[in-house]
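First comes the structure, then the notes that go with it.
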Amino acid sequence: MHISNKCSIALHCLLFIHEYGGAKKVTSELLSLSTGCNPVTIRNLISAMRKDGIIDVKSGTGGATIAVPLREITLYRVCAAVDPEALDKMIGIHAAPSPFCPVGRNIRGVLDQTYGALRADMIESMQSITLEKLVADYHAALEK
């Protein structure tokens with residue numbers, strides 16, 4: 001299991017915007033240099049986070065800023081904004097078990113119960129991690 005790369009890149013962008021957005025205009029090109037990703041990928045992530053209300057983007061000249069307090073931006077919110085199918089990718093059931101096999105016929109129902117609980121725990125955990133915490137972790141890493 002892994003968290004989507006989109007989520008990691010989006011969090012990288014948010015941290016960069018928080019740290020440098022007050023001093024310079026943060027554009028997709030600048031974020032591209034920091035993340036090592038294509039500017040088109042960055043623009044798609046920025047667009048998704050703008051639609052969710054996480055960030056604001058100035059029309060025309062560009063420049064992204066964070067739109068809400070850091071404590072309101074959770075790992076879950078970011079992942080849901082940029083990759084709505086992230087949890088399904090992490091906790092999915094294979095698509096074509098054999099209907100002729102007793103295990104194949106019943107595996108979806110068995111795993112749905114277990115995976116439902118796992119999904120709920122994962123969402124709760126992801127909602128407890130905020131951008132405020134990631135910023136604090138970043139500053140602690142700088143001090144080392």
Value rounded to 0.5 Å, distance of [atom1] in [X] from [atom2] in [Y]:
| X | Y | atom1 | atom2 | result |
| --- | --- | --- | --- | --- |
| Ile46 | Thr27 | CD1 | OG1 | 9.5 Å |
| Ser32 | Ile42 | OG | CD1 | 6.0 Å |
| Leu118 | Ile123 | CG | CD1 | 10.0 Å |
| Leu75 | Met122 | CG | CE | 9.0 Å |
| Leu131 | Ile66 | CG | CD1 | 5.0 Å |
| Thr65 | Ile55 | OG1 | CD1 | 7.5 Å |

Identify the heavy atoms of Gly63 and Lys25 that sit nearest to each other, and give their distance.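 In terms of heavy atoms, the two residues are closest at CA-CG, 3.6 Å.
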
Non-hydrogen atoms of Val68 and Gly53 that approach each other most closely: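 Minimum heavy-atom contact is CG1-O, 3.6 Å.
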
Kindly write out the residues that satisfy side chain to side chain contact (heavy atoms under 4.5 Å, CB included) with Val26, not counting sequence neighbours, or none if the list is empty.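 In terms of side chain to side chain contact (heavy atoms under 4.5 Å, CB included), with neighbours along the sequence ignored, Val26 is linked to Phe16, Ile17, Leu31.
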
Return the set of residues passing side chain to side chain donor-acceptor pair (under 3.5 Å) with His139 (not counting sequence neighbours), or none when no residue passes.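 Result, side chain to side chain donor-acceptor pair (under 3.5 Å) vs His139: Glu19.
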
Under the rule for side chain to side chain donor-acceptor pair (under 3.5 Å), what residues qualify as partners of His18, not counting sequence neighbours?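 His18 satisfies side chain to side chain donor-acceptor pair (under 3.5 Å) with no other residue.
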
Any side-chain hydrogen bond (donor to acceptor under 3.5 Å, both in side chains) involving [range]? Give me the pairs, sequence neighbours left out, ordered by first then second residue.
| range | answer |
| --- | --- |
| residues 99-121 | Asp88-Arg119 |
| residues 122-137 | Lys133-Asp137 |
| residues 35-53 | Ser28-Arg43, Glu29-Arg43, Asp52-Arg77 |

When clusters are formed by joining ILVMFWY residues with side-chain heavy atoms under 4.5 Å apart, either directly or through shared neighbours, do Leu134 and Leu142 land in the same one?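 Looking at the clustering, Leu142 is in the same group as Leu134.
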
Check for me, please, whether Ile9 and Tyr20 land in the same ILVMFWY cluster - side-chain distances under 4.5 Å, paths through other members count.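 Yes, because Ile9 and Tyr20 connect within a single hydrophobic cluster, where side-chain heavy atoms sit under 4.5 Å apart.
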
Is the closest side-chain heavy-atom distance between [X] and [Y] below 4.5 Å?
| X | Y | result |
| --- | --- | --- |
| Cys7 | Val82 | yes |
| Leu45 | Lys6 | yes |
| Met90 | Leu87 | yes |

ring-ring contact (aromatic ring centres under 6.0 Å, His included): which pairs involve residues 45-89, sequence neighbours left out?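 Residue pairs passing ring-ring contact (aromatic ring centres under 6.0 Å, His included), neighbours aside: none found.
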
Could you work out, with ring pair (Phe, Tyr, Trp, His ring centres under 6.0 Å) as the rule, every residue matching Tyr138, not counting sequence neighbours?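 Once residues adjacent in sequence are excluded, Tyr138 has no partner under the ring pair (Phe, Tyr, Trp, His ring centres under 6.0 Å) criterion.
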
